[in-house]
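The analysis underlying the following values was restricted to heavy atoms, covering all of them including side chains, and did not include hydrogens, waters or symmetry mates.
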Protein chains: 2
Amino acid sequence: MSLPETKERILDSAEYLFARKGFHNTSLRAITGRAAVNLAAVNYHFGSKEALLEAVFERRLVPLNKVRRKNLEVVRETARREGRLPGVEESLRAFIEPTLAFRKSGTGAEDFITLVGRAMSDPDDTVRNVFIRHIAPLFYMLFDILREALPELSPDMLFWRLQFAIGAMGHAICMAGKSYSLPEGVTPVSDVESLTAMLLDFVVAGMERA
Amino acid sequence: MSLPETKERILDSAEYLFARKGFHNTSLRAITGRAAVNLAAVNYHFGSKEALLEAVFERRLVPLNKVRRKNLEVVRETARREGRLPGVEESLRAFIEPTLAFRKSGTGAEDFITLVGRAMSDPDDTVRNVFIRHIAPLFYMLFDILREALPELSPDMLFWRLQFAIGAMGHAICMAGKSYSLPEGVTPVSDVESLTAMLLDFVVAGMERA
DNA sequence: GTCTATAGATTGATAGAC
DNA sequence: GTCTATCAATCTATAGAC
């Protein structure tokens, strides 16, 4: 059966397993087994395991980045039209909100966004480089808008604060929906809206710190 | 040559490689090759690759945790003696400062602290579980002190804010000393004192956000 | 304790029939 | 495009000489 969905099935399976076990700890046999396709299909459709990883990132990251870029452009243009500086909160929201919201955007999106949360600090160059290549332009764009929003902050300080914010977001993504052992009396909400609101509160406060 | 330092050489080499390539992407051959010891020495001294990972964490984490625990106890006792609540900044500092300072505490410590920065969100269960087992008690201790410091904050909210802070710290650790491509005009400082000060500023602001 | 040698399993990738 | 079969490399782990 030469189903046109074979590539998609492989991508879904790889996304699922990469997010849960990591790239190097996931074999092509595990991927094709879960996808119920033949082992050789991966190399036929993608060429190599590494190219498959690239494709897993690309499938979701291209549309997600389009939304984030659009949001940032709107923030910039609106501020310019109204003759004011872009706000810190609206700038960070333009980047963070679509990222966390993406989690419930479709089947497997949750796996992907977990993968994203981990990719930034992945020990493996293969994973991290593929990810950084896709995310760097948006990072610079966000950096530039925050430069305008916080002109009194030195570039160095802004750089680090933005790194802190990104670290907080990535870790929040990794933790969301997991069930680690929790302190007494804690039953943490993890619906997207609440988490986004809490995270934005936190990073805006840190970013605006005098 | 039956040098008593063989175990140490293996630990150093494993620490170096785990931090740079990840656990599953590092072979025992690479470890023993770099350590200039025989392949079989790993299984003789540690029993298995996984037990070696455990030992890598244990060697550094036990003394580091002793410092962090001591610091947190001092914060708690000092506040109690002075009849006041523990402060947010001193509580977070008691945890964060020794962690970042550990980076320059000796040969290889930098590698280890990178490993720590990544362990929290490591895709691999083996790595993450070993780490969480060592860090969980201190996390609860810090959580409890911050409960006293911020009594008006709901446990859920505090839990997430602490997660954000830990995510920021972990990412900062991973980024420190790396040379990623940077925005125009940014030459980020990464000496321990400056980074600690900036990070504390950021997370205290986020934690105290009204 | 250190070494050689190798077992035993698993890996990514490919050739070639259909 | 999909399959079987397999190659060549790699891996962790261990047995046994020294």
### Ser13(A) (side chain) donor-acceptor with Ile31(A) (main chain) under 3.5 angstrom
yes

### Query
How many angstroms lie between CG in Asp125(B) and CZ in Arg20(A), if you round to the nearest 0.5 Å?
10.5 Å

### Summary
Sorted by chain and residue number, the side chain to side chain donor-acceptor pair (under 3.5 Å) partners of Asn25(B) (sequence neighbours excluded) come out as His24(A), Asp124(A)

### Task
Provide, to the nearest angstrom, the distance between the CG atom belonging to Leu28(A) and the P atom belonging to dG12(C).
4 Å

### Message
dT2(C), OP1 or OP2 - any side-chain N/O from Thr6(B) closer than 4.0 Å?
### Response
yes

### Task
Report the distance from atom CD1 of Ile10(A) to atom P of dG12(C), rounded to the nearest whole Å.
14 Å

### Query
Between Phe23(A) and Lys49(A), is there a cation-pi geometry (under 6.0 Å to ring centre, at most 45° from the normal)?
yes

### Query
Do any N or O atoms from the side chain of Trp160(B) and from the backbone of Val189(A) form a donor-acceptor pair under 3.5 angstrom?
yes

### Query
Among residues 125-133 of chain A, which contact DNA chain C at a heavy-atom distance under 4.0 Å?
none

### Task
Using modelled atom types only, decide if a donor and an acceptor are shared between the side chain of Ser91(A) and the backbone of Gly87(A) within a distance under 3.5 Å.
yes

### Query
Does NZ or CZ of Arg68(B) come closer than 6.0 Å to the centre of the six-membered ring of Phe95(B), within 45° of the ring's axis?
yes

## Note on the structure
the helix from dG1(C)-dC18(D) to dC18(C)-dG1(D): angle between terminal helix axes, five bp per end, to the nearest 10 degrees, reads 0°

### Query
What is the distance, rounded to the nearest whole Å, between atom CD of Glu8(A) and atom C1' of dG1(D)?
16 Å

### Task
Apply the salt bridge (Lys or Arg N to Asp or Glu O under 4.0 Å) test between Asp12(A) and each candidate in Lys7(A), Arg59(A), Arg34(A); give the one that qualifies.
Arg59(A)

### Task
Kindly say if Ser27(A) contacts the phosphate of dT10(C), meaning a side-chain N or O under 4.0 Å from OP1 or OP2.
no

### Message
If the condition is side-chain contact (heavy atoms from CB on, under 4.5 Å), which residues does Thr114(A) pass it with, not counting sequence neighbours?
### Response
Ala19(A), Arg103(A), Arg118(A), Lys178(A)

### Query
Are any of the side-chain heavy atoms of Lys66(B) and Lys70(B) separated by less than 4.5 Å?
no

### Query
Is Arg209(A) salt-bridged to Asp201(B), cutoff N-O under 4.0 Å?
yes

### Geometric cation-pi criterion, Arg60(A) with Phe57(A): 6.0 Å, 45°
no

### Selection: residues 14-25 of chain B, any non-hydrogen atom under 4.0 Å of DNA chain C
none

### Query
Which value, rounded to the nearest 0.5 Å, describes the distance between Glu90(A) atom CD and Leu72(A) atom CG?
10.0 Å

### Near-strand residues of residues 29-49 of chain A, defined as heavy-atom separation under 4.0 angstrom from DNA chain D
Arg29(A), Asn38(A), Ala40(A), Tyr44(A), His45(A)

